[in-house]
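Here the structure is laid out as structure tokens; the discussion comes afterwards.
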Amino acid sequence: LREMERKNTELAIAAEIQRSFLPDTIAQVEHFDIAAKSIMAREVGGDFFDVIPFEVVHMGKDRLGILIADVSGKGIPAALFMALSRIVVRVNATWHQQQAADAIRDANAIITADSKAGMFVTLFYGILNAQDRTLTYVNAGHNPPLICHGADGTFSELPATGMAMGAVQDAEYFSRNVAFLPGDVMVLYTDGITEAENARYEMFGEGRLREAIAGARMLAAEATIAAILESVQGFTGSTPQSDDITLIVIRNL
């Protein structure tokens, strides 16, 4: 019993440390409303997000780094790999500043060299520019973020521009640029959303996610997250959460 109590105490400490990695408040830039939330399936997990204010590295207060990622596996191994990945990506993002592809390329080289257990991480990293309302992004094998366009409610995706990090040392990554129009809503998510199951082993899926986003596209970013999570909860019912869930919503005002 004492050994179990000791392990539970250590796990609680690990969970608290991991929570401290996530931003307490979400930095904002002009013209955009940004919110984020992460819900772990266990005490610790492999999902993480970050919002990097580049004002502290002299890129200006009109730019933000946006990051969402999902480490393979669950529990403590995923949490340790998450901690490594977050630090490496954040350091490279601040070092390379405006060069998103270079940041992810160098971060991948470091992560791959330290990945001895065959783990990998899917990741989406973008630099949001409030001056021209654009996002320069790299998608390293992550679920394509969805943009619900304010003009007509149609959707577009931001597809992969490289493979998951930690798999190949010299993997190549490319950046793309996307423009935001007033009323556009972008939703970044991990597969804990789309792969959430109900009692009949049916998955929530991207179709239901799009419906939830469309129904909430006039709401503030934080309210949009709440609406999506409510839709997932309504679908899964009493079925326990089996995977970490992370969401970032960026609304162009």
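As a basis for the values below, the full set of heavy atoms in this structure was taken, side chains included, without hydrogen atoms, waters or symmetry mates. Computed from a predicted model, the values in this text were never measured in an experiment.
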Contacts satisfying ring pair (Phe, Tyr, Trp, His ring centres under 6.0 Å) that involve residues 176-201 (not counting sequence neighbours) are F32-F180
Taking the side chain as C-beta and beyond, is there a heavy-atom pair between [X] and [Y] under 4.5 Å?
X    : Y    : value
E206 : L146 : yes
D47  : M82  : no
L209 : F204 : yes
I193 : L229 : yes
I228 : V187 : yes

Donor-acceptor pair, side chain of T122 and main chain of A164, under 3.5 angstrom: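 Not confirmed, T122 side chain does not pair with A164 backbone.
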Flag, side chain of T94 to backbone of R90, donor-acceptor distance under 3.5 Å |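 The answer is yes, because a donor-acceptor pair under 3.5 Å joins these two groups.
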Do Y137 and F124 make the cut of ring centroids closer than 6.0 angstrom?
->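 Ring-ring flag for Y137/F124: true, centres closer than 6.0 Å.
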So if I apply the side chain to side chain contact (heavy atoms under 4.5 Å, CB included) rule between L158 and each of R176, M186, H142, which one comes out positive?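 So the option named by the test is M186.
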Applying the side chain to side chain contact (heavy atoms under 4.5 Å, CB included) criterion to L123, which one of V89, V71, I68, V138 satisfies it?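 Option passing the side chain to side chain contact (heavy atoms under 4.5 Å, CB included) with L123: V89.
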- Does the side-chain contact (heavy atoms from CB on, under 4.5 Å) test come out yes or no for L188 and I66, once each step is laid out? CA-CA 10 Å; L188 301 86; I66 305 293; 4.3 Å; yes
Those residues at least two apart in sequence (or on a different chain) that pass side-chain hydrogen bond (donor to acceptor under 3.5 Å, both in side chains) with S242 are none
Requested in this report: Applying side-chain hydrogen bond (donor to acceptor under 3.5 Å, both in side chains), name anything that partners E157, two or more places apart in sequence or on another chain.
Outcome: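 E157 satisfies side-chain hydrogen bond (donor to acceptor under 3.5 Å, both in side chains) with R210 once adjacent residues are dropped.
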When clusters are formed from ILVMFWY side-chain contacts under 4.5 Å, directly or step by step, what else is grouped with L181?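 Noted: L181 shares its cluster with no other residue.
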* Listed by chain and number, what are the side chain to side chain contact (heavy atoms under 4.5 Å, CB included) partners of D243, not counting sequence neighbours? ->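 Only K74, D191 meet the side chain to side chain contact (heavy atoms under 4.5 Å, CB included) criterion with D243.
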With sequence neighbours left out, the residues meeting side chain to side chain contact (heavy atoms under 4.5 Å, CB included) with S238 are none
Between V121 and A69, the two heavy atoms sitting closest are CG2-CB, 3.8 Å
